[in-house]
Enquirer: 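Sharing a structure with you now.
Since this is a predicted model, take the numbers as computed values, not measurements. These values consider heavy atoms only, across backbone and side chains, with no hydrogens, waters or symmetry-generated copies.
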Amino acid sequence: MSWTDERVSTLKKLWLDGLSASQIAKQLGGVTRNAVIGKVHRLGLSGRAAPSQPARPAFKAPRPARPAAQAMPSAPRRVTPVEAPTAVVAAAPAPLPAFRHEEPGSATVLTLGAHMCKWPIGDPSSEGFTFCGRRSSEGAPYCVEHARVAYQPQQTKKKGGATELARSLRRYI
């Protein structure tokens with residue numbers, strides 16, 4: 001359909017009433033949303049009475065209450081060193097699996113299945129590149145042996161305690 005004077009005046013009225021381009025296109029019929037936007041642009045209609053509102057209100061979940069913010073001190077304070085505990089028990093790191101030469105696996109990229117170990121063996125650019133191919137644990141990409149190598153337990157960090165904090169704060173005091 002073409003833009004008649006009547007359709008243009010209807011477009012102007014609906015645009016200034018705050019209807020969206022999609023809503024105007026539906027009311028006019030025979031034109032798309034993009035045609036309405038193009039005509040509005042060519043007519044130079046920029047101002048609107050009110051922004052378009054959605055037909056139905058969107059549900060917004062209530063936000064959880066924020067914890068009360070703790071007040072920050074107004075001036076730095078001197079830190080008195082606190083004695084460190086005398087007996088600190090550190091967890092012994094898990095022994096690393098010994099490196100061993102891998103024999104070529106039984107799976108290639110084309111034969112690798114969902115429940116097969118996907119541990120790469122060899123150089124990917126070489127002819128003899130394969131994957132382990134053994135049965136992997138449910139939902140895991142590797143067999144038990146390769147999972148031990150791939151997923152190392154998190155190492156515990158040494159904590160310097162209050163003396164380390166006091167030393168780092170000395171330059172600010």
Enquirer: Could you give me the CA-CA distance, side-chain angles and deciding distance for C117 and Y142, then say whether side-chain contact (heavy atoms from CB on, under 4.5 Å) is met?
Expert: CA-CA 4 Å; C117 178; Y142 306 124; 4.1 Å; yes
Enquirer: Nearest 0.5 Å, what's the CE-CZ distance between M116 and R134?
Expert: 11.5 Å
Enquirer: Using the test side chain to side chain donor-acceptor pair (under 3.5 Å), find all partners of D123 that sit at least two apart in sequence or belong to another chain.
Expert: S125
Enquirer: Are W119 and V144 joined in one hydrophobic group, where the rule is that I, L, V, M, F, W and Y side chains link up if heavy atoms are under 4.5 Å apart?
Expert: no
Enquirer: Taking side chain as C-beta onward, heavy atoms only, is L14 less than 4.5 Å from Q23?
Expert: no
Enquirer: Using every non-hydrogen atom in the two residues, find where R7 and L28 come nearest and quote the distance to one decimal.
Expert: NH1-O, 3.3 Å
Enquirer: Can you give me the closest heavy-atom contact between K118 and F131, atom names plus distance?
Expert: O-CD2, 3.3 Å
Enquirer: Same cluster or not: W15 versus I37, using hydrophobic residues (I, L, V, M, F, W, Y) connected whenever any side-chain heavy atoms lie under 4.5 Å apart?
Expert: no
Enquirer: Could you list the residues that satisfy side chain to side chain donor-acceptor pair (under 3.5 Å) with K13, not counting sequence neighbours?
Expert: D17
Enquirer: Please step through side-chain contact (heavy atoms from CB on, under 4.5 Å) for the pair F129 and I121, ending with a clear verdict.
Expert: CA-CA 6 Å; F129 178 71; I121 299 174; 6.0 Å; no
Enquirer: Can you see which heavy atom on C132 is nearest to which on C143, and at what distance?
Expert: SG-SG, 4.1 Å
Enquirer: Distance-only, no hydrogens or angles: does the Q27 side chain make a donor-acceptor pair with backbone N or O of I24 under 3.5 Å?
Expert: no
Enquirer: Could you tell me the separation between the CD atom of E145 and the OG atom of S136, rounded to the nearest 0.5 Å?
Expert: 14.0 Å
Enquirer: Taking only residues two or more places apart in sequence or in another chain, which ones pass side chain to side chain donor-acceptor pair (under 3.5 Å) with T10?
Expert: none
Enquirer: Please give me the minimum heavy-atom distance between W3 and A35, naming the atom from each residue.
Expert: CZ2-O, 3.8 Å
Enquirer: Output, in order, the C-alpha distance, side-chain angles, deciding distance and verdict of side-chain contact (heavy atoms from CB on, under 4.5 Å) for L43 and L11.
Expert: CA-CA 10 Å; L43 291 172; L11 167 68; 4.0 Å; yes
